[in-house]
K.L.:
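Structure below; questions to follow.
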2 protein chains.
Amino acid sequence: METNEFQRIAKALADPRRFAILERIAGCKELACQTLCGEMPVSKATLSHHLQELETAGLVSIRMDGKFAHLSLRKDVWLAYRKELAKRIG
Amino acid sequence: METNEFQRIAKALADPRRFAILERIAGCKELACQTLCGEMPVSKATLSHHLQELETAGLVSIRMDGKFAHLSLRKDVWLAYRKELAKRIG
DNA sequence: ACATCAGTTAGATGGTTGTCGAACGATCGA
DNA sequence: TCGATCGTTCGACAACCATCTAACTGATGT
């Protein structure tokens with residue numbers, strides 16, 4: 001895994017709210033963005049921002065269905081990250 | 001693992017320099033602070049700050065020998081963190 | 001006792017970022 | 001076509017943070 005991607009993921013995981021979002025997404029196969037909007041106490045703008053961070057980091061993929069967004073965890077990237085942690089630290 | 005500790009660790013890992021420091025420490029049983037000082041392109045103050053962050057997060061333990069500090073990875077905490085990642089996300 | 005060295009603390013600063021409201025673009029139903 | 005809804009983008013702001021220099025504390029050797 002490239003150091004750049006690795007660092008972007010580490011940063012993405014560092015914010016509590018963002019991690020909560022990721023955790024929520026990881027909890028099911030695919031999650032409707034609206035559902036998140038209803039559960040997280042943040043504005044649409046902030047949520048959108050966090051989702052883009054997660055997508056840029058490669059952790060989440062966003063599928064657009066008409067005007068609805070559906071989020072899902074990219075498990076391959078996630079596992080690669082965990083593997084890299086083990087490789088670099090122990 | 002408590003959420004508080006978990007988040008502190010995540011934050012500690014998010015900064016590239018701090019992660020590099022942790023990586024260096026993890027590379028040997030115990031590392032002299034002076035060695036780090038000689039290898040990392042940061043001031044003593046900054047290094048001290050990062051080490052305190054890592055210690056507060058529980059990732060690193062600092063042993064004082066006279067006026068010399070020796071750093072070591074707390075492997076139990078590290079493994080607990082990796083385990084928690086797997087538990088929370090997958 | 002004194003100079004020196006290792007690490008900490010204080011204070012300042014510039015950059016990053018999480019957050020919001022508001023304006024916008026796109027899509028859908030009526 | 002028109003209004004409503006979903007998500008993005010913009011501009012702004014406050015809080016946080018990595019970093020530095022300088023001053024400090026404590027230990028060591030002479």
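Order of the sequence lines sets the chain letters (A, B, ...), proteins ahead of strands, with each chain counted from 1.
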K.L.:
Measure the CD1-CD distance between A:I9 and A:E53 for me, rounded to the nearest 0.5 Å.
P.N.:
12.5 Å
K.L.:
Scan the side chains in residues 10-17 of chain A for donor-acceptor partners under 3.5 Å anywhere in the protein, sequence neighbours excluded, and list what turns up.
P.N.:
unit_1: A:D15; atom_1: OD2; unit_2: A:R17; atom_2: N; d: 3.4
unit_1: A:D15; atom_1: OD2; unit_2: A:R18; atom_2: N; d: 3.1

K.L.:
Scan residues 58-78 of chain A for pairs that pass salt bridge (charged side-chain N to carboxylate O under 4.0 Å, His left out), counting only residues two or more places apart or in two chains.
P.N.:
A:E30-A:R63
K.L.:
How many angstroms lie between CG in B:L71 and CD in B:E55, if you round to the nearest 0.5 Å?
P.N.:
9.0 Å
K.L.:
Residues two or more places apart in sequence or in another chain: which of them pass ring pair (Phe, Tyr, Trp, His ring centres under 6.0 Å) with A:F6?
P.N.:
A:Y81, B:F19
K.L.:
Could you note down all residue pairs passing ring-ring contact (aromatic ring centres under 6.0 Å, His included) where residues 20-43 of chain B supplies at least one of them, sequence neighbours left out?
P.N.:
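ring-ring contact (aromatic ring centres under 6.0 Å, His included) check on residues 20-43 of chain B returns no pairs.
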K.L.:
Short of 4.0 Å, heavy atom to strand atom, which residues of residues 16-36 of chain A count as contacting DNA chain D?
P.N.:
A:C33, A:Q34
K.L.:
Of all residues at least two apart in sequence or in a different chain, which pass the salt bridge (charged side-chain N to carboxylate O under 4.0 Å, His left out) check with A:E5?
P.N.:
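In terms of salt bridge (charged side-chain N to carboxylate O under 4.0 Å, His left out), with neighbours along the sequence ignored, A:E5 is linked to no residue.
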K.L.:
Does a distance-only test, which skips hydrogens and angles, find a donor-acceptor pair under 3.5 Å between the side chain of A:K67 and the base of D:dT5?
P.N.:
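A donor-acceptor contact between them is present.
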K.L.:
In Å and rounded to the nearest 0.5 Å, what is the CD1 to CG distance from B:I21 to B:L51?
P.N.:
5.5 Å
K.L.:
Strictly by salt bridge (charged side-chain N to carboxylate O under 4.0 Å, His left out), give each pair with a member in residues 34-48 of chain B just once, sequence neighbours left out.
P.N.:
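Passing the test, one end in residues 34-48 of chain B: B:R24-B:E39.
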K.L.:
For A:F68 and A:P41, find the nucleotide of DNA chain C closest to each by heavy atoms; which residue's nucleotide sits nearer the 5' end?
P.N.:
A:P41
K.L.:
Can you confirm whether A:L79 sits close enough to A:K83 that some side-chain heavy atom of one is under 4.5 Å from a side-chain heavy atom of the other?
P.N.:
no
K.L.:
Under the ring-ring contact (aromatic ring centres under 6.0 Å, His included) definition, can you give me all pairs with a residue in residues 47-75 of chain B, not counting sequence neighbours?
P.N.:
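The answer is none; no pair qualifies.
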K.L.:
With the threshold set at under 4.0 Å for non-hydrogen atoms, list the residues of residues 6-13 of chain A touching DNA chain C in residue-number order.
P.N.:
A:K11
K.L.:
Is a side-chain N or O of B:W78 found less than 3.5 angstrom from the main chain of A:G90, in a donor-acceptor match?
P.N.:
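Pair found, side chain donor or acceptor close to backbone of A:G90.
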K.L.:
Going 5' to 3' on DNA chain C, which nucleotide is the first and which the last to come under 4.0 Å of a heavy atom in chain A?
P.N.:
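Terminal contacting nucleotides, 5' to 3': C:dT17 to C:dC28.
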K.L.:
Spell out yes or no: do the side chain of A:K44 and the base of D:dG7 have one donor N/O and one acceptor N/O closer than 3.5 Å?
P.N.:
yes
K.L.:
With A:E84, which residues qualify under salt bridge (charged side-chain N to carboxylate O under 4.0 Å, His left out), at least two apart?
P.N.:
A:R88
K.L.:
Which parts of residues 45-66 of chain B get close to DNA chain C, meaning a heavy atom less than 4.0 angstrom away?
P.N.:
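Result for residues 45-66 of chain B: B:A45, B:S48, B:Q52, sorted by number.
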